[in-house]
Amino acid sequence: MAHDPTSLESGARPTVLVIGMGDTGVLTAGHLSRHCRVIGVTTKPMLVSGQELGLRLTEDAQWRRNYLTPLDHYRRLRRVEIIHGRAARIDPIARTASLELASGEQRCLNWDYLIIASGVSNGFWRDDRLDTCGVIESRLASQRAAVTAAKSIAVVGGGPSGTSAAFNLKRAYPNKSVTLFFPAEELLPGYPQSTRRYHRELLARQGVDLHAGHRAVVSDDLVTSDWTGGRLDFAGGQPSARADLIIWAAGRLKPHTDFLPRDMLNPAGFVRTDACLNVAGYARIFAIGDVAATDPLRCSARNWAYKVLCRNLLAKMKQRALPARFTPPSHRWGSIVGPQSTGLKLHSPSGKSRVLPRWFVHWLLYPLVVRGFIYGGVRSKGLASFARDSWLDDNQGR
Ligand SMILES: Cc1cc2nc3c(=O)[nH]c(=O)nc-3n(C[C@H](O)[C@H](O)[C@H](O)COP(=O)(O)OP(=O)(O)OC[C@H]3O[C@@H](n4cnc5c(N)ncnc54)[C@H](O)[C@@H]3O)c2cc1C
C-alpha cells in the first residue's frame, strides 16, 4: 500500500481529511479550504444529493440542475484535493486512513483532523457504492425508465421522502395508480401536527391512494434498494397489494460507519457526536450530517451545522476553547414536496408555512442563495444547457 508522507502540522498547514463528499462534506470541505489543506475522499465524483426524491423521479432537468453536480464544478472545492475512493479503515491513534481507490489501488493517508460525513444508505437513492459518473447517469436513466413504464406504483413509507415521491409521481403521471403505505395513522413523524395534516390532505386531493396503519413486511433477504415490482405483505394482516413498481422509502437507514472503530459508535451504529460536533472521546475528529448522532432527528445536515463544525475545528487548531454549539430545532422543517408550479411551500418547526413564489425560487433562491451563497459558486453547465433546462421547466408547467 502506498504511504503518503503528508504534513503533520510542523510548519505546514494542518491536513483535514473529509470522508464523504455528499451534501455536508462538500460544504465543510469548501469552507475549510481557505484555512488548511483539505483532502476529500468520495465514493462518487459528483454530488448526488439525497434531497428531493420526488423531483428526482419526475423532473429530471430541474432536479439535476440543483442536486446533481460534478465536484469539480464547485468553486470552493478548487483548493480541495479530491480522491475518488472509499475509506476502508481509520486509525485514530496513528492518525491514518486506509483508502480503497476507484482505480483498484490502495492508499494510506495521514491526517491531522478528521471529518466524518459519510451519510447513510436509504432505499435506492443513497448508498456508499464506488461509482463513476457514467454508472450514476445510467442508473438514474434506468430508474426514470422504470417509472415511465409502470402503470401502478406503490410507495412504502410515510416520511418526507415517501410523501414527496408519492405526491410528485401522481402529479407528473395522473393516469398511473400511485398508492402510499405507511405504518402510523399520520404521515411525517417528527413534523408539527399542522404540517402533517396539510400533506395528508394534499396527497388525497392529488389522487394518491393513502393506506395508513399498513406496515409492510421487510424480510431479511429483501433488498429495499431494488427497483422492481411485485407483492407487498403487511405485518397487521391486511390484504396484500401488488404494483408494477415498489419504491421503498421505509426509513431503514444504514449508517456508513464500517470503517470506524466500534467505540465511536452508538448501539445503532451512528457516530457519537456532541453539540460541538466533536466525536465523543476523540478531540481531533468531528462528524456531521446523517451519520452523526447529534440529536434524535440527526438533523446536522441542515440548520447551518457545517458553520458550527468549521468554527470549532479552526478553534481547535489554534488550541482555543470550542466556541460554537449546534442547537437542533424541536421539530423537522423545510419543504416536503419541493418547488411546484405554485411555488415552494416551506414549513417551519412551529408548524407555520409560507410559499415562496416560483420566480423567486427559480431565479433567486437556487442560483443566488443556494448555489452562490451557501455553496460559494457553482460553475455553470453552459448557457445552452441552462437555457434548455429553463425552457423545459417553463414548458412542463412547473
Ligand atoms: C443546504 C441543504 C438543504 C437541505 N434541505 C433539506 C430539506 O428541505 N428537506 C430534507 O428532508 N432534507 C434537507 N437536507 C438534508 C438532506 O436531505 C440530507 O440530510 C443530506 O443529504 C445528508 O447529507 P450527508 O452529507 O450527511 O450525506 P450524503 O449526502 O448521503 O453524503 C455521504 C457521502 O459519503 C459517501 N460515503 C459513504 N461511505 C464512505 C466511505 N467509507 N468513504 C468515502 N465516502 C463515503 C456516500 O456514498 C455519499 O456520497 C438539506 C441539506 C442541505 C445541506
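Note that ligands are numbered from 1 as they come in the structure, with each ligand's atoms numbered from 1 the same way.
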Just jot down the side chain to side chain donor-acceptor pair (under 3.5 Å) partners of H256, sequence neighbours excluded, or say none.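 Residues passing side chain to side chain donor-acceptor pair (under 3.5 Å) with H256: S121.
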Check the orientation of [X] and [Y]. Use parallel for under 30°, tilted for 30 to 60°, and perpendicular for over 60°.
X	Y	answer
Y366	Y67	perpendicular
W304	Y306	tilted
F234	F181	tilted

Please tabulate, for side-chain N and O atoms in residues 26-33, each donor-acceptor pair with protein atoms closer than 3.5 Å (sequence neighbours left out).
from, atom 1, to, atom 2, distance (Å)
T28, OG1, T24, O, 2.8
T28, OG1, G25, O, 3.3
H31, ND1, L27, O, 3.0
S33, OG, G30, O, 3.0
S33, OG, R76, O, 3.2

Could you pull out the N/O contacts under 3.5 angstrom between ligand 1 and the surrounding protein atoms?
from, atom 1, to, atom 2, distance (Å)
ligand 1, 5 (N), Q51, OE1, 3.2
ligand 1, 8 (O), R302, NH2, 3.4
ligand 1, 9 (N), R302, NH2, 3.2
ligand 1, 17 (O), R126, NH2, 3.2
ligand 1, 19 (O), D290, OD1, 2.8
ligand 1, 19 (O), D290, OD2, 3.4
ligand 1, 21 (O), D23, OD2, 2.4
ligand 1, 25 (O), D23, N, 3.4
ligand 1, 25 (O), T24, N, 2.9
ligand 1, 25 (O), T24, OG1, 2.6
ligand 1, 26 (O), D290, N, 2.8
ligand 1, 29 (O), D23, N, 3.0
ligand 1, 34 (O), S118, O, 3.4
ligand 1, 41 (N), A87, O, 3.2
ligand 1, 42 (N), A87, N, 3.0
ligand 1, 47 (O), T43, OG1, 2.6
ligand 1, 47 (O), D127, O, 2.7

Solution key, residues 344-352 side-chain donor-acceptor pairs under 3.5 Å, sequence neighbours excluded:
from, atom 1, to, atom 2, distance (Å)
S348, OG, S350, N, 3.3
S348, OG, S350, OG, 3.0
S348, OG, G351, N, 3.4
S348, OG, K352, N, 3.1
S348, OG, K352, O, 3.3

